[in-house]
Amino acid sequence: MKNLEIAALFNEIADLLEIKGESTFRVNAYRRAARSLENLAEDVEAVADRGELDQIPGIGKSLAEKISEYLRTGKITYHQELLRELPHGITTLMRVPGLGPKTAVLLYERLGITTLDQLERAAREGRLRDLPRMGKKTEENILRGIEQVRRQSTRLPLGAVLPLAQEVVAALRKAKGVGEVSVAGSLRRMRDTIGDVDVLATAKVPEPVMEAFVTHPLVAQVLSRGTTRSSVVLRNGVQADLRVVEPASFGAALQYFTGSKDHNVKLRERAVRMGLKVNEYGVFRVEDDRRVGGRTEEEVYAAVRLPWIPPELREDQGEIEAAERGKLPRLVTREDIRGDLHMHTKWSDGQATAEEMARAARQLGYEYVCITDHSQSLKFAGGVSVEDLREHVREVRRLSERLEGITVLIGSEVDILADGSLDYPDDVLRELDVVIASVHSRFRMDTRAMTDRILRAMRNPYVTMIGHPTGRLLGQRDPYSVDVERLVAGARETGTVLELNAQPDRLDLKDAHVRLAKEHGVQVAIGTDAHSPAELRFMEFGVGTARRGWLEPQDVVNTLPLNKLLSRLRRKRRG
DNA sequence: GCCGTTTTCGGCCCGACTGTTTTCAGTCG
């Protein structure tokens, strides 16, 4: 999959063009194309083979040719020419926050700086303050910025950021004179990783809210502080921004700061065509600057004659067109979920008993759960022997009889062995309600072998679903090399469900693949893979990702009532 | 460089904050 490589190249070309002082529209075209490739569910090579590169949003004739060239030769001539033309390494300067193309050029032309080390030395020696529009403070900011770049503060998993954000939001709600408080940005869109936290609040007098924000105990450093906007760095290194607006502008501001950028650009272009202007304060008629809405998000969308669009869809992936035609999906919600089919207990590597897990699930309002401990090969995770599993089946049946208000099913998370066979014999699998087949070993196979391995597991009639189908661990491990399109096709053929694993560092399948599954009529099971009662709450993250994949209740098997779920699961076994 | 229910040419989102400056350029989101 070369999607990300090409996206990175396009981004670098954009940086180089910016340094050259090229038209910002051209620069933005490259950046938009890069984002488009990053979001693409499919392998760009497959799109190229079909000759449909120019169907990708933001990619026209010229960029399609550059992609083809890269796929053919492994490089883009235009990129190489730009690199030759400009001093080597100058784009790395732009990674320092607050340092853009103009400053990078200035630093190079006046001081010959092209590396972070040179920049650091110059700043320490006080040589930057002699440059135009630069002073002592700029030097300090640049030094701090260099440190930040070196720490490689990349995006963090959703689950690592949301709890902190919720804590900050709770504190702001207590501030004097505050009205509404909401997270915005990628956090509200439930992206799998979060670059920074956006918080929005309303208040007639912003001062007390700003004060509560910049003095919050989770704040490690204050980057800037204004009357309507402040930026801080939280303890975990994530940047957080607070904006305070008038109550009358709340909807417009929430819409604006929720993004995504591409969604907002498209929305505002639409507004312009209608003689309107949309900004964070409201929607205005261009001719007389009269305000026509902005108190709520619904008003903003209504002003451009669209229904309200759920934040998870706002990625410019067809949602505006769907809204236009009245074809927005009725997205699945947490309340639609009737049970959790993936969790571990003390029988393998979990922390609680089956009964404790079941009781916790009942508290969440579930109708059923399924206990799915690891299979025998997974020794380091306490894999369950065949004998023990048979005993567990009996125990869970008794437990389910005994517990009121929830049905407890028994299953297993069975390892898919290297050759695609399963870690229990069929006559054992037959006794289970749910079989999740997962890859936990031999990650470094090539795409074909790995895909064939999983497809073979799918053909087993007792395999209900494939667990965390690509094996990624956000920020720790790349997905194993697998052809998701073939997996989706295989799932469709065999009637196998694909899991959307809700562990916040997995979220696997990811949003784009979830949507791919839906488009091919493959059903998804959202499972928490909980190892403790508290982790059952990860369902929130899974539902968020499902919504980003446009899933409706009927696309998710664990929205089914128990009897329908069981007959759905039996369907594959009957063949 | 992309794109089209105004258009195949001429548009392309919009404002806040910083650090420096005496009115604003650069950067960011």
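Computed from a prediction, not measured in an experiment: that's the story for all the values here. Here is how names work: the chains are called A, B, and so on, in the same order as the sequence lines, proteins then strands, and each is numbered from 1.
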(message) In whole Å, I'd like the distance from the CG atom of A:Leu53 to the P atom of B:dC2.
(response) 12 Å

(message) Work out how far the C1' atom of B:dT7 is from that of B:dC12, and round it to whole angstrom.
(response) 13 Å

(message) Show me the pairs that pass salt bridge (Lys or Arg N to Asp or Glu O under 4.0 Å) and involve residues 540-550 of chain A, at least two apart or across chains.
(response) A:Glu312-A:Arg547, A:Glu315-A:Arg548, A:Asp511-A:Arg548

(request) Only counting residues at least two apart or in another chain, list the ones meeting salt bridge (Lys or Arg N to Asp or Glu O under 4.0 Å) with A:Glu81. (result) none

(request) Could you please name the option among B:dG15, B:dG1, B:dG29 that lies closest to any side-chain atom of A:Lys66? (result) B:dG1

(message) Tell me every residue that passes salt bridge (Lys or Arg N to Asp or Glu O under 4.0 Å) with A:Glu125, counting only those two or more places apart in sequence or in another chain.
(response) A:Arg127

(request) For A:Val27, answer base if it contacts any base atom (sugar-phosphate contacts may also be present), sugar-phosphate if it contacts only those atoms, and nothing otherwise; contact means non-hydrogen atoms under 4.0 Å. (result) nothing

(message) Please classify the nucleic acid contact of A:Pro97 as base, sugar-phosphate, or nothing, using heavy-atom distances under 4.0 Å.
(response) sugar-phosphate

(request) Using the ring of A:Phe257 (Phe, Tyr or Trp, six-membered ring only), decide whether A:Arg243 places NZ or CZ under 6.0 Å from its centre and within 45 degrees of its axis. (result) yes

(message) Between B:dG1 and B:dT5, how many Å separate the two C1' atoms, rounded to a whole number?
(response) 24 Å

(message) Nearest to the side chain of A:Tyr256, heavy atoms from C-beta on, is which of B:dT18, B:dG29, B:dG1?
(response) B:dG29

(message) Rounded to whole Å, please give me the gap between CD in A:Glu18 and P in B:dT27.
(response) 8 Å

(message) Measuring only the C1' atom in each nucleotide, how far is B:dC17 from B:dT23? A whole number of Å is fine.
(response) 16 Å

(request) Output every pair passing ring-ring contact (aromatic ring centres under 6.0 Å, His included) with a member in residues 3-46 of chain A, not counting sequence neighbours, ordered by first then second residue. (result) A:Phe10-A:Tyr30

(request) To the nearest Å, give me how far apart CD (A:Glu65) and P (B:dG1) are. (result) 10 Å

(request) May I ask you to list the residues of residues 257-267 of chain A, by number, that have any heavy atom positioned under 4.0 Å from an atom of DNA chain B? (result) A:Lys261, A:Val265

Quick test: give all pairs of protein nitrogen or oxygen and nucleotides 4-7 of chain B nitrogen or oxygen below 3.5 Å, distance rounded to 0.1 Å.
none

(message) With nearest nucleotide decided by heavy atoms, which residue, A:Arg229 or A:Glu269, maps closer to the 5′ end of DNA chain B?
(response) A:Glu269

(message) Can you check the distance between B:dG26 and B:dT22, where both ends of the measurement are the P atom (answer in whole Å)?
(response) 14 Å

(message) As a test of reading the structure: which of B:dG19, B:dC17, B:dA16 is closest to the side chain of A:Thr138, going by heavy atoms?
(response) B:dG19

(message) Nearest whole Å is fine: how far is B:dC17 C1' from A:Lys137 NZ?
(response) 12 Å

(request) Check every atom of B:dG1, B:dG19, B:dG29 against the side chain of A:Leu63 and return the nucleotide holding the closest atom. (result) B:dG1

(request) Please measure how far the C1' atom in B:dT6 lies from the corresponding atom in B:dG11, and state the result in whole Å. (result) 11 Å

What's touching nucleotides 24-26 of chain B from the protein side, N or O pairs under 3.5 Å?
| from | atom 1 | to | atom 2 | distance (Å) |
| --- | --- | --- | --- | --- |
| B:dC24 | O2 | A:Arg133 | NH2 | 2.8 |
| B:dG26 | O3' | A:Thr103 | OG1 | 3.3 |

(message) Roughly how many Å apart are B:dT20 and B:dC28, using the P atom of each and rounding to a whole number?
(response) 16 Å

(message) Tell me which pairs pass salt bridge (Lys or Arg N to Asp or Glu O under 4.0 Å) where either residue lies in residues 108-123 of chain A, with sequence neighbours left out.
(response) A:Asp117-A:Arg150, A:Glu120-A:Arg124, A:Glu120-A:Arg150

(request) Would you please confirm or rule out a distance under 4.0 Å between OP1 or OP2 of B:dG1 and any side-chain N or O of A:Ser62? (result) yes

(request) Report the distance from atom CD of A:Gln55 to atom P of B:dC2, rounded to the nearest whole Å. (result) 14 Å

(message) Return whichever of A:Leu276 or A:Arg225 has its heavy-atom-nearest nucleotide of DNA chain B closer to the 5' end.
(response) A:Leu276

(message) Measure CG/A:Asp241 against P/B:dT18 and give the value in whole Å, please.
(response) 11 Å

(request) Could you note down all residue pairs passing ring-ring contact (aromatic ring centres under 6.0 Å, His included) where residues 54-110 of chain A supplies at least one of them, sequence neighbours left out? (result) none

(request) Measure the distance from CD1 on A:Ile67 to C1' on B:dC2 and round it to the nearest whole Å. (result) 13 Å

(message) Can a donor-acceptor pair be found, under 3.5 Å and without considering hydrogens, that links the side chain of A:Arg291 to the backbone of A:Tyr281?
(response) yes

(request) Would you mind listing every ring-ring contact (aromatic ring centres under 6.0 Å, His included) that reaches into residues 157-216 of chain A, with sequence neighbours excluded? (result) none

(message) Nearest whole Å is fine: how far is B:dC28 C1' from A:Met94 CE?
(response) 12 Å

(message) Measuring from atom OG of A:Ser224 to atom CZ of A:Arg229, what distance do you get when rounded to the nearest 0.5 angstrom?
(response) 6.0 Å

(message) Tell me which nucleotide, if any, is Watson-Crick or G-U wobble paired with B:dT8 when both distances must be under 3.5 Å.
(response) none

(request) Identify which nucleotide among B:dC14, B:dA16, B:dC2 has an atom closest to any side-chain atom of A:Thr228, counting heavy atoms from C-beta outward. (result) B:dA16

(request) Output yes when a side-chain donor or acceptor of A:Gln255 lies under 3.5 Å from a complementary backbone atom of A:Glu297, and no otherwise. (result) no

(message) Going by the rule salt bridge (Lys or Arg N to Asp or Glu O under 4.0 Å), which residues pair with A:Glu22 if we only count those two or more places apart in sequence or in a different chain?
(response) A:Arg26

(request) Please state whether the phosphate of B:dG15, meaning OP1 or OP2, lies under 4.0 angstrom from any side-chain nitrogen or oxygen of A:Lys277. (result) yes

(request) Taking salt bridge (Lys or Arg N to Asp or Glu O under 4.0 Å) as the test, write out the residues that go with A:Asp288, two or more places apart. (result) A:Arg285

(message) Keeping A:Gln503 on the side-chain end and A:Phe538 on the backbone end, is there a donor-acceptor pair under 3.5 Å?
(response) no

(request) Under 4.0 Å between any heavy atoms, over every strand shown, what does A:Asn28 touch: base, sugar-phosphate, or nothing? Just pick one. (result) nothing

